[in-house]
Structures are given as structure tokens and as C-alpha cells.
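Right, one structure below, let's go through it.
Residues: numbered from 1 along the sequence shown.
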Amino acid sequence: MSELKINAERIWNSLMEMAQIGATPAGGSCRLALTELDKQGRDLFVRWCREAGCEIHIDRIGNIYARRPGTDPDALPIATGSHLDTQPTGGKFDGVYGCLAGLEVIRSLNEQGITTRRPIEVVIWTNEEGSRFAPAMVASGVYAGKFTLEYALQQRDHEGISLDEALTAIGYKGDIAVGARRFARFIELHIEQGPVLEREGEEIGVVEGVLGMRWYDVRVEGTSAHAGPTPMSYRKDALAASAQIISELIELADRREAESGRCTIGELDVIKASRNVIPGAVRFSLDLRNATVDGLQAMEAEAAALIDRIAQQRGVQVTLEQIWNSPPVAFDTETVNQVEQAVKASGLSYRRMVSGAGHDAVNISGTTPTAMIFIPSVGGISHNETEYSTPEQIAQGVQILLNVMHQAASQND
């Protein structure tokens with residue numbers, strides 16, 4: 001039998017067609033989770049999968065499962081997938097690449113008349129980004145037992161709309177119990193979202209695991225006062241205190257660069273802001289990451305200590321609430337090795353690496369042997385409308401995914 005091949009033009013065209021849903025002026029995509037645009041993206045994916053002969057199933061948190069049957073109806077499927085939701089100014093590839101790559105695997109097997117013993121299943125996980133409903137990866141978290149369904153459904157966006165309400169509004173609240181559908185293996189294909197592969201001149205990343213990460217909501221309470229009559233030394237300025245805290249948090253992560261320390265403040269709000277009023281309350285998000293649990297705990301302890309010190313110096317009150325904790329993850333050795341062997345056989349250059357970003361594969365790895373495949377991101381840019389991977393890079397990643405999934409789904413173990 002000749003070597004299986006994906007259709008490079010078809011996967012690229014599919015990505016570009018999906019990108020038109022929620023297209024932004026700067027060339028990116030905006031499909032926030034469970035909005036009308038997310039519904040349109042889901043509808044298109046479901047239609048394409050049905051046209052490819054897939055069975056469609058939807059669970060109670062809106063995860064979509066598209067299955068290509070195998071010859072053994074009792075065998076667990078080899079699964080892949082990712083997410084269709086984006087950041088507010090997202091790109092064309094983050095998440096959606098892994099979804100449409102799974103569809104391309106199915107289309108390619110169909111086109112070449114290949115049957116597999118195990119089914120092939122492509123999964124769309126709800127609200128991976130966490131940009132509308134926190135925490136991120138909440139639906140795969142429910143699947144893996146990290147969150148209850150009740151907890152996830154009651155999460156609300158900035159307008160007070162619950163995840164349950166949004167899910168019902170777009171018609172994607174299914175009746176299958178979350179976690180009822182299980183897999184033999186799960187392999188997620190994704191853009192790297194960072195600069196390592198490009199800078200090191202490698203074509204594929206064989207992902208061994210993912211950094212641990214913790215999210216916090218930080219609230220700084222000072223005293224609002226008139227900007228003119230209040231001397232600097234008398235002020236309890238919540239924004240000035242926040243600025244100092246943020247600066248020192250960044251320095252903390254800089255000191256821990258060798259252990260993959262990361263610190264990001266992605267959101268900052270001055271409560272009831274006014275041009276000539278000393279800010280009395282500020283809220284900001286804090287994202288800490290590290291390669292080890294010990295490293296994360298040390299960063300958290302340092303962060304708490306510096307926050308307490310600055311709060312005392314500035315005469316403000318600070319609350320630090322942890323809202324999400326995702327420990328460092330090591331993927332299944334056998335599955336990672338299978339990916340590596342497929343890359344070696346392809347002749348593409350590669351490196352083993354750890355992901356700095358969280359992915360649904362992190363949650364699924366607690367229930368299923370899991371691995372990830374990365375392709376380069378041009379300029380290391382992601383969560384940005386200019387996010388880009390070349391057609392050649394896109395095709396290379398999908399070809400590796402096809403080879404790995406076909407082999408795994410054809411085995412008699």
C-alpha cells in the first residue's frame with residue numbers, strides 16, 4: 001500500500017474558510033465561546049464532519065464528538081481535537097488547527113479507502129480559552145473530573161450571562177453525560193504559540209508535557225480622593241500600589257527564567273476610574289507558570305510576601321484569590337514515543353519540548369494516554385491577529401497526526 005497522504009490544499013482552504021467566521025479587520029478571528037459566531041463555527045464543523053460520514057454526539061457542556069467508525073464496534077477510539085473558540089483578538093490557527101486537522105485525517109482516510117480497527121474521533125472542547133468564561137479549559141476539566149458540571153455551568157461572563165444560559169442560547173447543550181465517551185489515546189496537534197521551534201530551526205515539536213500554571217484575581221483597595229488637594233505622602237493610591245506590585249512580580253519571574261518561570265498580568269481595571277480622582281480600587285489578573293510544583297509554590301509564596309510588604313508600605317488592602325490551578329503535566333511516555341517515531345520516519349527535524357501554554361490535552365492526560373504535536377509559529381506570535389504558520393508547516397503537522405493516528409487505530413492490541 002502506498003503511503004497515506006493528507007490533502008495540503010484542502011486543510012489550508014478549510015482553515016481559511018473557518019477564519020471568515022468572526023474575521024477581524026487586522027486579519028485574525030474573534031469567536032468568543034458560546035457566542036453566535038462560535039455557533040456558526042460549530043455548525044460549519046459539524047456539517048463538514050457529517051459530510052465526511054461521521055457520527056455527531058454532544059455532551060451536556062457542549063463538547064462535540066465526531067466519530068468515524070472502525071471495524072471493531074467495541075474498541076475505544078483514537079481521538080484528537082482542540083477548540084474553536086478564540087481570544088477577542090485571536091488568530092486563524094490557535095485551537096481551530098487541531099480541530100480541522102482531525103477532520104483532514106478522516107477525510108484523507110475516506111479518500112484513500114482506508115478502514116481502521118479502532119474508530120477515529122475528533123473532539124471540540126468548549127471554552128478552552130477562558131476569555132469569556134473563567135477558568136480556561138473548563139469543559140475538558142469537567143470531562144476529566146477536575147470541575148463539576150454544576151460549577152462550570154454557573155460561571156458568568158462580564159455581562160452576567162452564565163455558561164449554561166449561553167450554551168442553551170446557541171443550541172449546543174447536549175444530553176450525553178460529560179466524561180461518558182472515553183478514548184484509547186488522545187493526540188492534540190497545535191501551533192507552538194512561542195518562538196522556540198522557529199529560532200532553533202526545527203520543523204516539529206514532540207511535546208513531553210506542559211508547564212504548571214496558577215491563575216489569581218488580585219484586588220487592591222485604597223482610598224479615593226481628590227487629585228489636587230491630597231499630597232503624595234497622604235495618599236492610599238490603589239493604582240500606584242498595583243503598579244509597584246506588578247513591577248516586582250515581573251522581576252520575580254525574571255529571576256526564575258531558568259526554571260521556565262512566567263508571570264503575566266493580562267487584565268487590569270481601575271474601578272470607577274476618573275481623570276482627577278486618586279484610584280481607590282484596582283483589580284488585575286495574575287498568571288504564574290513554572291515547570292515544577294515546587295517552583296510554582298515558591299513563586300506563589302514570593303508573590304504573597306511582596307504583595308503584603310507593598311500593601312503595608314502603601315497603606316492599602318490586597319486580596320489574592322486563586323481561581324485556577326493546573327499542575328505541571330508529563331504526557332504518556334509510550335504515546336510521546338509513538339509521535340517521535342512517526343516524526344523520525346518522516347525525515348522532518350524535531351525537538352522534544354515542554355509547552356508553556358495550557359491545552360485541553362493537559363486535562364485529558366489525567367484520563368487517557370496523551371501526547372501533543374507542535375508546528376512552528378512564525379515570529380512566535382499567538383493570541384494575536386497576526387498569528388501565522390505557513391501552508392507547508394500546517395501540512396507537515398497534519399501529516400504526522402495522520403500517520404500516528406492511523407497506526408494507533410490499526411493496531412490489534
Donor-acceptor contacts, no H, no angles, side chain residues 142-154, under 3.5 Å, sequence neighbours left out:
{"residue": "Tyr143", "atom": "OH", "partner": "Arg181", "partner atom": "O", "Å": "2.5"}
{"residue": "Lys146", "atom": "NZ", "partner": "Asn363", "partner atom": "OD1", "Å": "2.9"}
{"residue": "Thr148", "atom": "OG1", "partner": "Tyr151", "partner atom": "N", "Å": "3.0"}

* **Side-chain heavy-atom pair Ser382, Glu192 within 4.5 angstrom cut-off** => no
* To do: May I have the step-by-step check of side-chain contact (heavy atoms from CB on, under 4.5 Å) for Ser355 and Phe374, ending in yes or no?
  => CA-CA 9 Å; Ser355 171; Phe374 278 172; 3.5 Å; yes
* SB check Arg117 Asp72 (cutoff 4.0 Å) -> yes
* Donor-acceptor under 3.5 Å (Thr264 side chain, Gly266 main chain) -> no
* Measure the spacing between CZ of Arg262 and CG of Asn290 and express it to the nearest 0.5 Å. => 9.0 Å
* **Non-hydrogen side-chain atoms of Trp48 and Leu103 separated by less than 4.5 Å** => yes
* Value rounded to 0.5 Å, distance of OG in Ser29 from CD in Gln87 -> 12.5 Å
* Asked: Say you draw a straight line from OG of Ser224 to NZ of Lys236; how long is it, rounded to the nearest 0.5 Å?
  -> 12.5 Å
* To do: Specify the closest pair of heavy atoms between His359 and Glu128, including all atoms of both residues, with the distance to one decimal.
  => CA-OE2, 3.8 Å
* Does Thr80 have any side chain to side chain contact (heavy atoms under 4.5 Å, CB included) partners at least two apart in sequence or in another chain, and if so, which? -> Val122, Leu401, Met405
* Asked: Is Ile58 close to Tyr65 at the side-chain level, that is, under 4.5 Å between some pair of heavy atoms?
  -> no
* **Side-chain ion pair, Glu257 and Arg255, N-O less than 4.0 Å** => no
Donor-acceptor list for residues 19-28 side chains, cut-off 3.5 Å, not counting sequence neighbours:
{"residue": "Thr24", "atom": "OG1", "partner": "Gly28", "partner atom": "N", "Å": "2.8"}
{"residue": "Thr24", "atom": "OG1", "partner": "Gly28", "partner atom": "O", "Å": "3.4"}
{"residue": "Thr24", "atom": "OG1", "partner": "Glu385", "partner atom": "OE2", "Å": "2.7"}

* Measure the shortest side-chain to side-chain distance between Gln338 and Ile187 over non-hydrogen atoms and say whether it is less than 4.5 angstrom. => no
* To do: Please report the C-alpha distance between Ile271 and Val282 in whole Å, then the side-chain angles of each, then the deciding distance to 0.1 Å, and finally whether the side-chain contact (heavy atoms from CB on, under 4.5 Å) criterion is met.
  => CA-CA 6 Å; Ile271 310 302; Val282 171; 5.8 Å; no
* Exam field: side chain Asp85 to backbone Glu129, donor-acceptor pair closer than 3.5 Å -> yes
* Side-chain contact, heavy-atom cut-off 4.5 Å: Tyr172 with Leu34? -> no
* Asked: So which pairs with a foot in residues 277-295 pass salt bridge (charged side-chain N to carboxylate O under 4.0 Å, His left out), sequence neighbours left out?
  -> Asp217-Arg283, Glu267-Arg283, Asp269-Arg283, Asp287-Arg289
* Structure fact -> Residues Cys263 and Leu286: closest non-hydrogen pair is SG-CD1, 3.7 Å
* Closest contact, heavy atoms only, Gly201 versus Ser349 -> O-OG, 3.7 Å
* Ignoring hydrogens and angles, tell me if any N or O in the side chain of Thr368 forms a donor-acceptor pair with the backbone of Ser365 under 3.5 Å. => no
* To do: Mark yes or no for whether Gln407, through its side chain, and Val404, through its backbone, hold a donor-acceptor pair below 3.5 Å.
  => no
* **Side chains of Gln399 and Asn403, donor plus acceptor under 3.5 Å** => yes
* Is a side-chain donor or acceptor of Ser140 paired with a backbone partner of Met137 at a separation under 3.5 angstrom? -> yes
* Asked: Take atom CZ in Arg199; do more than 12 heavy atoms of anything else shown fall under 6.0 Å from it?
  -> no
* **Step-by-step side-chain contact (heavy atoms from CB on, under 4.5 Å) determination, Leu109 to Leu402** => CA-CA 9 Å; Leu109 292 173; Leu402 171 62; 4.0 Å; yes
* Asked: Would you call Arg50-Glu55 a salt bridge at under 4.0 Å N-O?
  -> no
* Asked: In Å, rounded to the nearest 0.5 Å, how long is the span from CD1 of Ile375 to CD of Glu203?
  -> 11.5 Å
* To do: Can you establish whether the number of heavy atoms outside Gln313 located under 6.0 Å from its atom CD is more than 12?
  => yes
* Asked: Can you tell me how far the OH atom of Tyr234 sits from the CE atom of Met232, to the nearest 0.5 Å?
  -> 13.5 Å
* Just by distance, do the side chain of Ser389 and the backbone of Pro376 share a donor-acceptor pair under 3.5 Å? -> yes
* To do: Would you check if Ile161 and Arg132 make a side-chain contact, meaning some heavy-atom pair closer than 4.5 Å?
  => yes
* **Check: Thr292 side chain, Gly295 main-chain N or O, donor-acceptor pair, under 3.5 Å** => yes
* **Any donor-acceptor N or O pair under 3.5 Å, side chains Thr335, Arg185** => yes
* Intermediate values then yes/no, side-chain contact (heavy atoms from CB on, under 4.5 Å), Glu387 and Ile191 -> CA-CA 10 Å; Glu387 168 187 279; Ile191 60 172; 3.5 Å; yes
* Distance-minimising heavy-atom pair for Ala225 and Thr230 -> CB-OG1, 3.6 Å
* To do: Before accepting this row, confirm whether a basic side-chain N of the pair Glu340/Arg352 lies closer than 4.0 Å to the acidic partner's carboxylate O.
  => yes
* Would you find a donor on one side and an acceptor on the other, under 3.5 Å apart, between the side chain of Ser247 and the backbone of Ala243? -> no
* Quick one: CG on Asp38 to OG1 on Thr126, what's the gap to the nearest 0.5 Å? -> 7.5 Å
* With no hydrogens and no angle check, is any side-chain donor or acceptor of Gln393 less than 3.5 Å from a backbone partner on Thr390? -> yes
* Please say whether more than 12 non-hydrogen atoms of neighbouring residues, nucleotides or ligands are located less than 6.0 Å from CD in Glu51. => yes
* Short N-O contact, Asp59 and Lys173, less than 4.0 angstrom -> no
* Asked: If we only count heavy atoms from C-beta on, is the Tyr216 to Phe284 side-chain gap below 4.5 Å?
  -> no
* Structure fact -> Minimal heavy-atom distance between Pro88 and Leu32, with the atoms involved, is N-CD2, 3.8 Å
* **side-chain hydrogen bond (donor to acceptor under 3.5 Å, both in side chains) pairs, two or more places apart, involving residues 94-104** => Arg10-Glu104, His83-Asp94, Asp94-His190, Asp94-Gln193, Asp94-His383, Glu104-Ser108
* Asked: Any idea which heavy atoms bring Ala311 and Val318 closest together, and the distance?
  -> CB-CG2, 3.8 Å
* Asked: Should Asp360 and Glu188 count as side-chain neighbours, where that means a heavy-atom distance under 4.5 Å?
  -> yes
* To do: Determine, for Asp43 against Arg47, whether the closest basic-nitrogen to carboxylate-oxygen distance falls under 4.0 angstrom.
  => no
* To do: Decide whether Thr223 and Arg235 meet the rule of one side-chain donor and one side-chain acceptor closer than 3.5 Å.
  => no
* **Arg256 with Glu259: basic N within carboxylate O range, under 4.0 Å** => yes
* Please collect all side-chain hydrogen bond (donor to acceptor under 3.5 Å, both in side chains) contacts where either partner lies in residues 318-328, sequence neighbours excluded, each pair once. => Arg214-Asn325, Glu300-Gln322
